[in-house]
Amino acid sequence: MTAPHSPSTLPPSPARTHYAGDLRAEHVGQAVAVCGWVARRREHGEHLAFLDVRDRTGLVQCVVDGAHDLRSEYVVRVTGTVRPRPEGTENPALATGAVEVGDCEVEVLSVAEPPPFPLEGRVEVDETIRLRHRYVDLRSERMQRNLAVRAAAIGAIRGAMADQGFLEVETPLLIASTPEGARDFVVPSRQSPGEFYALPQSPQLFKQLCMVGGVDRYYQIARCLRDEDLRADRQFEFTQLDAEASFVTQDEVLAFITEAVGAAVEAATGERPGSFGAISWREAMDRFGSDKPDLRFGLELVDVTEVFAATGFNAFKAPCVKAIRVPDGGDATRSRLDDLTDRAKRWGAKGLVWMRVEADEITSPVAKFLSAEELAELRRATEAETGDLLLLVADSWHTTCHVLGLLRLELGRPPVTEGGFHFTWVVDFPLFESISDDGQPVPAHHPFTMPHPDDIELLDGATGDDLLAVRSQSYDLVLNGWELGSGSVRIHRADIQQRIFGLLGISEDEAQAKFGFLLDAFRYGAPPHAGFAFGIDRLVALLAGEENIREVIAFPKTQSGADPLTGAPGPVAPAQLEELGLRLLPRSTA
RNA sequence: GGUCCCGUGGUGCAGUUUGGAGUGCACGCCGGCCUGUCAAGCCGGAGGUCGCGGGUUCAAAUCCCGUCGGGACCGCCA
């Protein structure tokens, strides 16, 4: 159902001359056979009934001589003649609404129990029930459309990557566990009891090996698995476009991915997206309090640290003070403000200061601690107008941005179907995201990320906070506040790699143990290379107007990682454990 | 590891704040009527361990504790 009012091009077969949703005025007079499910039945006495027959392409009305033995979701084959509907009974809401199938013979291919929930999609059905009967849920127009959008997007991505010279290469699912990153799913080895494979969090290392192997431009529609808590935009298993190219710059990678994403968007919506802007990580954090800014709305963060540089108000004696101005938000109730304050605290702020901007004063529980000059300057800095609400957080730069960023989403985030598609690249990520308690920097991406060329010299002799200023050649693609994916220029030179490992506190032996095969490969002639990966489930969900990637996955898991349809996860037979050399711990200590 | 919301015939809800007979609504289902409907219409009917366990009470869908399931989020996701 790519475009609901244009017929599909699905081929006929001997049993089925046409798909239900394809019938049009041009078919009038033709003898046809359609196959599908009884979507609805409207009886008008013993000798007239209307049967809506549904298949992947849509619905067509069949006029039958009595339908007493035909029930919802029976599988039928209907033969008859296409005819125009009588004057005045056309249904413009239906793609097939100008015609109907008359003189029908109905063959029941399968009877069916009543469906466990309605398929009309007018109500939200409990997730367990939908997933337990996913085979029924998939018949709904919503799921059929979403699967079609997904297939169209993936097809377009394959085409775009192939057109740009990328070679599709498959990489293994059973690999060695690496200690970095997300929690691995592990698979016990039968042939080597006590040893384990891991399922890939991504094909990262293999695609770099492909570069050493001269593949030059690699891509894969890759399944990735991470044993971390599930969310609306996260499943255990998800699908990425994974890509890597040799002898290219960051800008060239961005262009490749822009082309692939653009093709996917066009395939799904019919329109090519506008150019993707780019924003530095620093600016994204400063203005939106997030490294995945939702650019569909304003409510930007305003830095007011300087306003309170010499304040007597203890709560504002902080490295960073920022504000959000909520236009006409001054009428927020006290309970709403208390709720926002609670949230801010849960998100890590010490508190939240609110101020109502009135004609000649600012009212706030803390106004009495602030000077008239400070209040006037705050008003000027935030461009506040009468009736507005100001929300302020004072803390470290990072905490202030983070909390106000979450608050901004809470206050202004539009529904997924509103505001269009606002893509942006986020560039110039820091090489290190933080310094751990033992003084070691923590990599923001992965340890093979190339430092920014202008910042490499900063690595010399740098320690502690100086390192946090070092930028990397890594980049994220963001759509409407969702991180679609990320990539980087990789380190291909042993000397730079050794310096990074040194900074990260990874010894030569340790590096060899963890990534030895990659480092070994690099000794045999590694081209400069760079790559990217983005989440296809997330892209398709947003294109389909869905808030949750479950809606674009045929058989997803619940938030607790269960599959109500198959019962996974479940126990295995003792003999299986025995064969694998495994013994279970008692539940209380597991 | 944590916070919040939800759980009532097959489905979606109301009822829970303020305890008093399983009370109600819409859809679906079953039967009947009905020859131009398309969320068909009209009449009738069936269908319940109020997620589960414990507690308080003369009395619990309702209050309390625990637990299970679903959802949203923080942490986590290099």
Side-chain angles (χ1 to χ4, degrees), chain A residues 39-53 59-68 71-73 85-94 96-97 100 102 113-133 136-137 178-184 201-202 204-205 224-236 238 339 342-349 402-403 406 409-410 413 429 431-434 441-449 472 474 483 486 488 500 504 506 514-515 535 547-548 550 557-562 564:
Chain A
R40 207 168 283 112
R41 183 185 58 143
R42 294 176 292 281
E43 278 195 278
H44 289 256
E46 206 177 337
H47 291 294
L48 176 66
F50 300 99
L51 211 61
D52 287 342
V53 175
L59 291 177
V60 71
Q61 171 169 290
C62 302
V63 187
V64 299
D65 181 7
H68 193 72
R71 298 299 154 111
S72 285
E73 303 305 318
R85 292 192 181 195
E87 182 98 30
T89 66
E90 301 89 350
N91 184 353
L94 216 54
T96 60
E100 63 190 14
E113 291 178 22
F117 52 87
L119 272 71
E120 275 88 9
R122 291 194 302 275
V123 289
E124 289 288 326
V125 178
D126 180 83
E127 201 62 24
T128 321
I129 295 167
R130 284 183 69 196
L131 293 183
R132 181 172 299 140
H133 303 278
V136 172
D137 193 37
T178 52
E180 313 295 311
R183 198 177 291 114
D184 281 325
Q201 298 171 22
S202 80
Q204 179 63 38
L205 299 176
C224 305
L225 299 105
R226 296 179 189 173
D227 187 5
E228 298 291 347
D229 290 356
L230 288 73
R231 288 279 200 288
D233 61 350
R234 279 161 37 186
Q235 285 268 312
F236 284 155
F238 58 100
D339 172 55
D342 285 346
R343 287 171 193 270
K345 286 178 179 169
R346 283 204 299 269
W347 291 330
H402 176 66
V403 172
L406 291 172
L409 294 176
E410 167 68 23
R413 182 164 208 179
F429 270 73
L431 191 60
F432 306 109
E433 77 176 16
S434 61
V442 179
H445 195 48
H446 60 59
F448 314 110
T449 303
S472 66
S474 68
E483 182 194 324
S486 59
S488 64
I500 297 295
L504 295 174
I506 299 174
K514 286 178 177 173
F515 317 109
E547 306 271 6
N548 194 302
R550 282 194 305 270
K557 306 270 189 293
T558 65
Q559 193 165 58
S560 63

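Hydrogens, waters and symmetry mates play no part in the numbers below; they use all other heavy atoms, side chains included. In what follows, chains carry the letters A, B, and so on, assigned in the order in which the sequence lines appear, proteins first and then strands, with residues in each chain numbered from 1.
Minimum atom distance to the side chain of A:His402 is reached by B:G75, of the listed B:U37, B:G75, B:U11. Distances from the side chain of A:Ile129 to the nucleotides B:C38, B:G69, B:U11 place B:U11 closest.
Across all strands shown, B:C50 has no partner, as no Watson-Crick or G-U wobble contact with both distances under 3.5 Å is found. Under the Watson-Crick or G-U wobble criterion, with both distances below 3.5 Å, B:C34 has no partner in any strand shown. Using the Watson-Crick or G-U wobble rule with both distances under 3.5 Å, B:A26 pairs with B:U11.
A:Glu100 contributes a side-chain N or O that forms a donor-acceptor pair with the base of B:G36 under 3.5 Å. Side chain A:Asp52 to base B:C38: no donor-acceptor pair is found below 3.5 Å.
Between A:Arg343 and A:Glu410 a salt bridge is recorded (basic side-chain N to carboxylate O distance below 4.0 Å).
Straight-line distance between the C1' atoms of B:G10 and B:C68: roughly 22 Å, to the nearest whole Å. Between the C1' atoms of B:G44 and B:A60, the separation comes to 35 Å (whole Å). The P atoms of B:G24 and B:G41 are separated by 22 Å, rounded to the nearest whole Å. Look at the P atom in both B:U3 and B:U56: the space between them is 27 Å, to the nearest Å.
Heavy atoms of A:Ala49 sit nowhere under 4.0 angstrom from any nucleic acid atom. Residue-level contact check: A:Ser560 touches the backbone only, with heavy atoms under 4.0 Å from sugar-phosphate atoms and none from bases.
In this pair, A:Phe117 does not lay its aromatic ring on the base of B:U11; centres under 5.5 Å and planes under 30 degrees do not both hold.
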Nucleotide by nucleotide, 5' to 3', does protein get under 4.0 Å of the base (B), only the sugar-phosphate (S), or neither (-) in nucleotides 24-30 of chain B, counting heavy atoms?
-----SS

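Nearer the 5' end of RNA chain B, as judged by each residue's closest nucleotide, is the contact made by A:Lys557, out of A:Lys557 and A:Trp347. Between A:Gly45 and A:Thr558, the residue anchored nearer the 5' end of RNA chain B, judged by the nucleotide with its closest heavy atom, is A:Gly45.
Within the 3.5 Å criterion, the main-chain N or O of A:Val442 finds no donor-acceptor partner in the side chain of A:Ser434.
Taking 4.0 angstrom as the limit, A:Asn548 places a side-chain polar atom (N or O) nearer than this to OP1 or OP2 of B:A72.
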